[in-house]
Every structure is written in structure tokens, then in C-alpha cells.
Amino acid sequence: MTATVHGFAESAPGAGRLAAALGAACHTVAVRRFPDGESLVRVAVPVSGTAILYRSLDDANARLVELLLAAAALRANGAARVVLVAPYLAYMRQDMAFHPGEAVSQKVIGALIAQHFDGLITVDPHLHRIATLDEAVPGIPALAITAAPLLAAAVAAAGDRPLLVGPDSESRQWVEAIAAPHGLDVIIGEKHRNGDRAVSLALPGVEAVRGRRAVLVDDVISSGMTLIAAARLLREAGATSVEALVTHCLASAEDLSRLAAEGIAPIRSTDTVPGETSAMAIAGVLAEAIRGQGWA
Ligand code: R5P
């Protein structure tokens, strides 16, 4: 099956790594912004077979519309099938109406993607109240792959036996998957979110960290306040060092400085969202999943 990979300017390096892992050609989707803010999207090459469109959806509001336009442009240029590879998939956390009148963003965005693409692959989406991604993205093959093996290898590289710490019950799935290959100890926190940048946290069993390296594990760093709350408790309990290992790092430079000032170092993430913490490339895992689906 012929496949080509298409990235936008900001996702070109990741798209290039994926294309190299697949042995496929890689092209850039051209975007021109009109003075009024609308985008003109153009695919300048003829396409056949499967077109793999690569874009992470951090900064989702700005990127989603161009993504849908690019899917249409790929079809107009001959693509028989358009598959979205969104290493970071936005809007998965609002999976219910937490207050009356709120939109359930996961359902809305999932349905939109299902309408415009023939398949979806993403990495460690925040699925909490549903078991599989196709419940959020119905009617197309929607695959959630995990970065856990990459993160587990990163934990093991130091050769000691750190305590792995998940800040909340939702992180349990990632922490346990990373701890399992090496039989590492795990504790899981109880988190209460009081606002966008306000969390309170308890860490039952935190005394196990005395005299040890602690590794905070989560799917995503957003403001960083979750990790800061956990790191303070770990230090108070006698951790020798506190570091962080996550799949997606969405934190701004200012928030990363705040995390560093709290002594959380190193902070390592995969390159699903490229940035200064990206230490692990996801391309090989994505390529394997794409081949497994028969898309390349
Ligand atoms: C939520 O449950 C997620 O797993 C993360 O813990 C959360 O999104 C992190 O957010 P922040 O960095 O803003 O505390």
C-alpha cells in the first residue's frame, strides 16, 4: 500500500521522522493566512493511496480548522484514504459535563475527526471514563498507542530503583505500565482540582520515598501545578530528588521555569509535543502502529 506523510510547517520535523521510519515520502502542507485570520490550505503534490496527515493538536483551536481543510485538499489531490496521526489529541479531558450546561468536548471533537478522516492514531489520550478511543471517535478505526515502553526504558536507564509516583487515580494506568517491566514500587495520589492552576493533593504511602529518587509520571503536564503539589509532598517526606516523566508536555516556558524552581529535574517527555523537554522520539512506535493497520 502506497502511503505518503504530510505535515504542516510546525509539525514537519515529526512528520519527517515518521516518514523516515515508514520509508515513505514526506511533504509539507502549505498554509497562508489572510489578513482577516482565515487560512488557505494547499497540498501542492499529487497524492495516491493513503495520505497520512501528521499534526499534534496542542494549540487545538488554531490548528483544527486547518486540519480539516488539509484533509479535503488531500482528497481533492487524489488520496484514497486520509489518516490523521495526531500524536497529542486535544479535548479528551472534558469527557463529561462537570457543571450544568457545559459542552462535552471529547464527544464533539471526536465526532468531527470521525467525519473528516478514515482513521486516527494518537498517543496516550486522556481516556478516563471510556475504555477505548473509538467510543470518543466513532465509526473509524481509532487507535490509541502508548508511550509507556519508551518511558519505562528511560526510567530503567539510570540503573537504580526509583519510586514511581502517579499524582492522581487517572495516572494509575500509565504509572503501572511503566513500573511493571522492572517491578518498580508505585504510589498513587489523590488529587482534587480547585481551579485551572489550583490543585490539592494527598500522597498515601509517601513515607516510602525517604532516601530515594522519586519519578513523577503522568500523561500530560499542562500548567505544572499537579507536579508541583506532588513534588512538595515528596521532598517533605525525604525524597533525594524529584524528576518528571510524561508523554505530553504542554507547559509554557514560564511554567517550566516554575517547575525547575521547585527542584523538579530533569523533566522528560516524548516529542508528541516538540519542546525543550522532548527527549524521546515517538516515530518508531507510530510507524509500527500504522503498519499494523495496513495503512503503509
Ligand atoms: C489530568 O488528570 C491529567 O492527567 C494531568 O494530571 C493534568 O492535566 C495536569 O494538569 P496541570 O499540569 O495543569 O496540573
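Counting starts at 1 for both ligands and their atoms, in listed order.
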So, does Thr270 use its side chain to make a donor-acceptor pair with the main chain of Thr272 at under 3.5 Å? yes

Among all protein heavy atoms, pick the one closest to atom 13 (O) of ligand 1 and tell me residue, atom and distance. Ser223 OG, 2.6 Å

I'd like to know if the side chain of His116 reaches the main chain of Leu67, judged simply by a donor and an acceptor atom lying under 3.5 Å from each other, with no hydrogens or angles considered. no

Is the backbone of Ile228 close enough, under 3.5 Å, to the side chain of Arg258 for a donor and an acceptor to pair up by distance? no

Asn61 and Tyr91: side chain donor to acceptor below 3.5 Å: yes

Which atoms of ligand 1 sit under 4.0 Å from any heavy atom of Asp168? 2 (O), 6 (O)

When you look for heavy atoms under 4.0 Å from ligand 1, do you find them on the side chain of Lys191, its backbone, both, or neither? side chain

Measure the distance from atom 8 (O) of ligand 1 to every protein heavy atom, then report the residue, atom name and distance (to 0.1 Å) of the closest one. Arg93 NH1, 2.9 Å

Which of the numbered atoms in ligand 1 are below 4.0 angstrom from a heavy atom of Thr226? 9 (C), 10 (O), 11 (P), 14 (O)

For Ser222 and ligand 1, does the shortest N/O to N/O distance drop below 3.5 Å? yes

Counting from 1, what ligand 1 atoms have a heavy atom of Gly224 closer than 4.0 Å? 11 (P), 12 (O), 13 (O)

Checking a contact table here: which protein heavy atom is nearest atom 1 (C) of ligand 1, and how many Å away? His126 CE1, 3.6 Å

Give a yes or no answer on whether the side chain of Glu102 reaches the backbone of Phe98 with a donor-acceptor pair at less than 3.5 Å. yes

Between the CG atom in Leu286 and the CD atom in Glu288, the distance rounded to the nearest 0.5 Å is 10.0 Å

State plainly whether the residues Asp185 and Arg212 are in salt-bridge range, i.e. N to O under 4.0 Å. yes

Mind checking whether Val220 has a heavy atom under 4.0 Å from ligand 1? yes

Indicate yes or no for a side-chain donor-acceptor contact from Ser11 to the backbone of Tyr54 under 3.5 Å, with no hydrogens or angles considered. yes

Numbered atoms of ligand 1 (with element) below 4.0 Å of Arg193, judged on heavy atoms: 7 (C), 9 (C), 10 (O), 11 (P), 13 (O), 14 (O)

So which heavy atom in the protein is nearest atom 5 (C) of ligand 1, and how far is it from that ligand atom? Asp218 OD2, 3.3 Å

Subset of ligand 1 atoms that lie under 4.0 Å from at least one heavy atom of Met225: 12 (O), 14 (O)

With a 4.0 Å cut-off, would you call Arg129 and Glu135 a salt bridge? no

Quick one: does ligand 1 sit under 4.0 Å from the side chain of Asp219, the backbone, both or neither, non-hydrogen atoms only? side chain

Any idea which atoms of ligand 1 are less than 4.0 Å away from a heavy-atom of Glu170? 1 (C), 2 (O)

